[in-house]
S.K.: 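This is the structure, below, for whatever I ask next.
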Amino acid sequence: MESVAQSLFSLPAEQKLKVARGPGGISGYGFPLISAFWDKKIWSECFTILGSPLEHYAKLWPQGYPKIWYSHSITEEYEKELGRLSSRLTWIMLASLGISKEDVKWSGPKGDNQEAHVLQLNSYPACPHPDRAMGLVPHTDSTLVSIIHQSKICGMQVFQEGTGWFRVPPVPGAMVVNVGDLMHILSNGSYVSVLHRVLVNQTQHRLSVVYNYGPPDNVPISPVPKLLSASHPALYPPVTNWSEYVDTKAKLKGKALASLRLYKPLPN
Ligand SMILES: O=C(O)CCC(=O)C(=O)O
Ligand SMILES: [Fe+2]
């Protein structure tokens, strides 16, 4: 998938702009969607893939049927495998809190309601002044979990209370799993969504492929009732659905989770 991303980003700008994301749209080429949380420009470009990328690939490679079909089949397979992995991870994480598919309404009567996903290809070109630019500003993902493949270049950092920012270097053959806001809400704060950012560097071009995994888009998300009691009240109100949460977050410049919280954390 990294090589597909590589060949997409190496197309000339006017070619990439043929699939530019429209206003309010999700799919297509442009700045990462989270750039809406920030008033300044960020040092990265992004292809967001929602549904089949075939139409976009055909526009990007007008004469290249083998290339189009090859890239399309790689993308499909990647999404299929990462879908399986994300689903397994999500249910394992919830199972460790004693939650089964039957406890989560959006999983449907047979627990087989289709979860949704968005694939995001990020490119961070080498930057002449890396200390004056950000690849991605600090944010949490609006997902249940996100699975990140990073090319061999360092850049991602995670924030930990007390420690500050620390690097998450790429490890060959490994991917990074981020807990997202919807998992945070669903688990009533047992799994904490992770604040992260991406730095750029002066000499090397970095790529990442992010599989953003979330619930079916038409279902509300709220703390699982089984986790709640008089001593453990719901910390978050129900969220209407995934897309509405993302819209709210853009309006609140990325601060949705904190502003939805009903009770302040107790001091240590
Ligand atoms: O490029 C990375 O390593 C992380 C990207 C990321 O955080 C995101 O796309 O939300
Ligand atoms: Fe992220």
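In listed order, ligands and their atoms are each counted from 1.
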S.K.: Check whether the ring centres of Phe9 and Phe47 lie less than 6.0 Å apart, and answer yes or no.
M.R.: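 Ring-ring flag for Phe9/Phe47: true, centres closer than 6.0 Å.
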S.K.: Considering only heavy atoms of Tyr124, which atoms of ligand 1 have at least one such atom less than 4.0 Å away?
M.R.: 1 (O), 2 (C), 5 (C)
S.K.: Go through ligand 1 atom by atom and flag the ones less than 4.0 Å from a non-hydrogen atom of Ile148.
M.R.: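 Every atom of ligand 1 under 4.0 Å from some heavy atom of Ile148: 3 (O).
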S.K.: Tell me if the CZ atom of Phe166 is crowded by more than 12 foreign heavy atoms within 6.0 Å.
M.R.: yes
S.K.: Could you tell me whether Glu77 and Lys80 make a salt bridge, using a distance below 4.0 angstrom between a side-chain N and a carboxylate O?
M.R.: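 So Glu77 does not pair with Lys80 through a salt bridge.
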S.K.: Measure the distance from atom 3 (O) of ligand 1 to every protein heavy atom, then report the residue, atom name and distance (to 0.1 Å) of the closest one.
M.R.: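 Protein heavy atom with the smallest distance to atom 3 (O) of ligand 1: Arg206 NH2, 2.8 Å.
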S.K.: Yes or no: does Arg197 have any heavy atom under 4.0 Å from an atom of ligand 1?
M.R.: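 Arg197: no contact with ligand 1 (<4.0 Å).
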S.K.: N/O of Gln150 under 3.5 Å from N/O of ligand 1, yes or no?
M.R.: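 No, no N or O pair falls under 3.5 Å.
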S.K.: Using only heavy-atom distances, determine whether the side chains of Ser96 and Tyr191 contain a donor-acceptor pair under 3.5 Å.
M.R.: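 Checked: Ser96/Tyr191 side chains pair up, N/O donor to acceptor below 3.5 Å.
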S.K.: Does the Lys249 side chain pair with the main chain of Thr140, one donor and one acceptor, at a distance under 3.5 Å?
M.R.: yes
S.K.: Suppose we measure from atom 6 (C) of ligand 1 to each protein heavy atom; which comes out shortest, and what is that distance?
M.R.: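 Closest protein heavy atom to atom 6 (C) of ligand 1: Leu136 CD1, 3.3 Å.
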S.K.: Verify, without hydrogens or angle tests, whether Ser73 (side chain) and Tyr70 (backbone) share a donor-acceptor contact under 3.5 angstrom.
M.R.: yes
S.K.: Could you check which N/O/S atom of Asp141 is closest to the Fe ion (ligand 2)?
M.R.: OD1
S.K.: For ligand 1, which atoms have a heavy atom of Val210 less than 4.0 angstrom away?
M.R.: 5 (C), 9 (O)
S.K.: Quick check: does Asp141 get an N/O under 3.5 Å from an N/O on ligand 1?
M.R.: yes
S.K.: Show which atoms of ligand 1 fall inside a sub-4.0 Å distance from at least one heavy-atom site of His196.
M.R.: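 The list of qualifying atoms is 7 (O).
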S.K.: Can you name the atoms of ligand 1, numbered from 1 with element, that are less than 4.0 Å from a heavy atom of Gln120?
M.R.: 9 (O)
S.K.: Show, in sequence, the C-alpha distance, side-chain angles and deciding distance for His56 and Tyr29, and conclude whether the ring-ring contact (aromatic ring centres under 6.0 Å, His included) test is met.
M.R.: CA-CA 9 Å; His56 281 183; Tyr29 173 73; over 10 Å; no
S.K.: Under a 3.5 Å threshold, yes or no: a donor from one side chain and an acceptor from the other, between Asn122 and Ser44?
M.R.: no
S.K.: Check each atom of ligand 1 against the heavy atoms of Ser208 and keep those under 4.0 Å away; list them by number with element.
M.R.: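 In order of numbering, the contacting atoms are 1 (O), 2 (C), 3 (O).
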S.K.: Which protein non-hydrogen atom lies closest to atom 4 (C) of ligand 1, naming both residue and atom, and how far is it?
M.R.: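 Here the closest protein heavy atom is Val198 CG2, 3.7 Å.
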S.K.: Can you list everything that forms a side-chain contact (heavy atoms from CB on, under 4.5 Å) with Val219? Sequence neighbours excluded, please.
M.R.: Trp106, Asn113, Pro215, Pro216
